[in-house]
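Numbers here simply count residues along the sequence, with the first being 1.
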Amino acid sequence: MKRRRFIRNTFLSVVGMGVGVGVYAKMIEPFWLEFVRRKMPVRNLPPALAGKTLMQISDIHVGNQFDYQFIIDSFIKARDYQPDIVVYTGDYVTYRTDQQLKQLEEVMEKSAVKGKLGTVAILGNHDYGINWVMPEVAEHIVRVFGWYDIPVLRNCGYDVAGLNFIGFDDYWGLNFRPHDAMRGYIADVPTIALCHNPDVCDMNVWNNYQGWILSGHTHGGQFKPPFLDPPVLPVKNKRYSAGEIDLYDGRTLYINRALGNLHQMRFNVRPEITLFELEEDNSILHTALLRQGYGGQANPPTEA
């Protein structure tokens, strides 16, 4: 009888824990926003930008499968930080019908987040509609951002107060032209690259670029068992999960965990808005790599 009671109690405890984790992952963590703070050293940063805040917002996924009031509330909280520069790094809708475009319009009308010095955006794969083959969806999103004077960078650059932004169109979309994006890169100009899908970091398109690359796309896997890697990531390079990643060649990748959700389920991967503090980067490594011409590879240079 004692053995049966022990087995029964153990079974009930396991079931109870499973139900508790399920409720947490479905109803709590997807709405438990974290504002993540990071330093961002940038070579040749204009002195006037030192100490300024750059905010990254990514993957809001407005859609009818997710309570987008959370996005509106999160944007309102983000505005309270009064960021100097704001960058959006793609996937604004989970497109099924034009209803999601109307929902995005509502989000932007009620709570668009803009920087005091400037704001820029790029597109993600979901911004090209179903199966990423609907350019009319992308064009509509570009127009919506245009209503708020937010340029969407599609393989081009844009200057904000002396800081250059290079924006790649989406890797899986219809307009991916990375060589066009990097054509205007000048090594001595302080630059930050915006690229929704971090797999692009492994392509030979970077023109010896040295600096930060801000990405999204992965959502950090949305489910991460403790002490283990996320079991599912929508990238070829499984190193590209979330957070700051040194690419060992003068480039630093940062992958935002996403504000929204493709599916309303998160565990150990809270939604994120990132706040970077800009500062001058005087590191010897960056200068040495630049002089030696390294760049565009995801592995460190080796000695002869």
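Classification of Arg183 and Asp180 as a salt-bridged pair holds, one side-chain N sitting under 4.0 Å from a carboxylate O. Taking the charged nitrogens against the carboxylate oxygens, Glu29 and Arg270 have no contact shorter than 4.0 Å, which rules out a salt bridge. The existence of a salt bridge linking Glu139 and Arg154 is confirmed by a sub-4.0 Å separation between a basic side-chain nitrogen and an acidic carboxylate oxygen.
Listed by chain and residue number, nothing satisfies the salt bridge (charged side-chain N to carboxylate O under 4.0 Å, His left out) test with Glu109 (two or more places apart in sequence, or in another chain). Remark: Pro231 engages Phe223, Pro225 in a side chain to side chain contact (heavy atoms under 4.5 Å, CB included) (not counting sequence neighbours).
Across every non-hydrogen atom of Thr191 and Val42, the tightest pair is N-CG1, 4.4 Å.
In Lys116, the NZ atom is crowded: over 12 heavy atoms of neighbouring residues, nucleotides or ligands sit closer than 6.0 Å. Heavy atoms from other residues, nucleotides or ligands lying under 6.0 Å from CG of Leu228 number more than 12.
Side chain of Gln222 to backbone of Met265: a donor-acceptor contact under 3.5 angstrom is found. Judged by distance alone, the side chain of Glu272 and the main-chain N or O of Glu34 form no donor-acceptor pair under 3.5 Å. In this structure a side-chain-to-backbone donor-acceptor pair under 3.5 Å is missing from Asn131 to Val133. In this structure a side-chain-to-backbone donor-acceptor pair under 3.5 Å is present from Tyr209 to Trp212. Checking side-chain atoms of Tyr158 against main-chain N and O of Gly167 turns up no donor-acceptor pair under 3.5 Å. Between the side chain of Trp206 and the backbone N or O of Val200 there is at least one donor-acceptor pair closer than 3.5 Å. Looking only at distances, a side-chain donor or acceptor of Thr218 sits under 3.5 Å from a matching main-chain atom of Ser241. Checking side-chain atoms of His126 against main-chain N and O of His61 turns up no donor-acceptor pair under 3.5 Å.
Between Tyr171 and Trp132, the distance from one ring center to the other does not fall under 6.0 angstrom.
Partner His196 forms a side chain to side chain donor-acceptor pair (under 3.5 Å) with one of Asp127, Asp91, Thr89 and no other, that one being Asp91.
Between Tyr68 and Glu106, some side-chain heavy-atom pair lies under the 4.5 Å cut-off.
Taking the six-membered ring where the residue is Trp, Phe145 and Tyr92 present tilted rings, their angle falling between 30° and 60°.
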